[in-house]
Amino acid sequence: MNNKVHVKKGDQVVVINGKYRGKKGEVMEVSPSEGKVIVKGVNIVTKHVKPRRMGEEGGLIKAESALYADKVQLICPKCGKPTRVGHAVKAEGEKNKKRICKKCNAEF
């Protein structure tokens with residue numbers, strides 16, 4: 001399996017298919033080995049939590065669950081549109097690889 005994911009923690013993304021299509025959120029966590037991401041406010045599931053210590057409460061907790069990274073598309077900070085991610089190689093003195101927007105060629 002490919003261990004590369006096109007988004008990073010803190011990126012703004014939009015879900016492009018499935019139940020949560022069109023919802024926007026921030027990437028909270030990335031798991032490249034599974035090819036999944038956790039997006040804030042998307043794919044909410046209810047967990048049953050059992051109390052572990054005396055005095056601790058159990059019950060139902062709502063939390064974000066992981067979804068495949070293929071289902072999200074990065075939002076360009078400059079043009080504000082969902083876009084594919086390109087890579088540009090820079091000069092020797094700088095960081096070699098930069099992510100760029102395929103629509104407006106802005107770096108992020």
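With values rounded to the nearest 0.5 angstrom, Thr83 atom OG1 is found 12.5 Å from Lys78 atom NZ. Taking OG of Ser31 as the start and CG of Asn3 as the end, the distance is 9.0 Å to the nearest 0.5 Å.
Both Val85 and Val72 are assigned to one and the same hydrophobic cluster, defined by single-linkage of ILVMFWY side chains at heavy-atom distances under 4.5 Å. Taking hydrophobic clusters as Ile, Leu, Val, Met, Phe, Trp and Tyr residues chained together by side-chain heavy-atom distances below 4.5 Å, Val7 shares a cluster with Val39. Cluster membership for Val5 and Val27, using ILVMFWY side-chain heavy atoms within less than 4.5 angstrom, is shared. Met28 and Val15 fall into different hydrophobic clusters, where Ile, Leu, Val, Met, Phe, Trp and Tyr are joined by side-chain heavy atoms under 4.5 Å apart, directly or via other members. Cluster membership check: Val13 shares its hydrophobic cluster with Tyr20, using side-chain heavy-atom separations under 4.5 Å among Ile, Leu, Val, Met, Phe, Trp and Tyr.
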Given the rule in the side chain to side chain contact (heavy atoms under 4.5 Å, CB included) test, do Lys9 and Glu29 qualify, once you have shown the distances and angles that lead to the verdict?
-> CA-CA 6 Å; Lys9 183 178 178 179; Glu29 196 173 321; over 6 Å; no

Intermediate values then yes/no, side chain to side chain contact (heavy atoms under 4.5 Å, CB included), Phe108 and Leu74 = CA-CA 10 Å; Phe108 45 89; Leu74 193 64; 2.6 Å; yes

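Under the 3.5 Å distance criterion, the side-chain polar atoms of His6 are left unmatched by any main-chain donor or acceptor of Gln73.
In terms of heavy-atom proximity, Asp70 sits nearest to Ile16 at O-CD1, 3.7 Å. Scanning all heavy atoms of the two residues, the minimum distance from Cys104 to Cys101 falls at N-SG, 3.4 Å.
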Donor-acceptor contacts, no H, no angles, side chain residues 40-59, under 3.5 Å, sequence neighbours left out:
| from | atom 1 | to | atom 2 | distance (Å) |
| --- | --- | --- | --- | --- |
| Asn43 | ND2 | Ser65 | O | 3.4 |
| Asn43 | ND2 | Ala66 | O | 3.1 |

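Shown here are the salt bridge (charged side-chain N to carboxylate O under 4.0 Å, His left out) partners of Arg84, two or more places apart in sequence or in another chain: there are none.
Annotation for Lys81: atom NZ does not count as buried by contact number, only 12 or fewer foreign heavy atoms lying within 6.0 Å.
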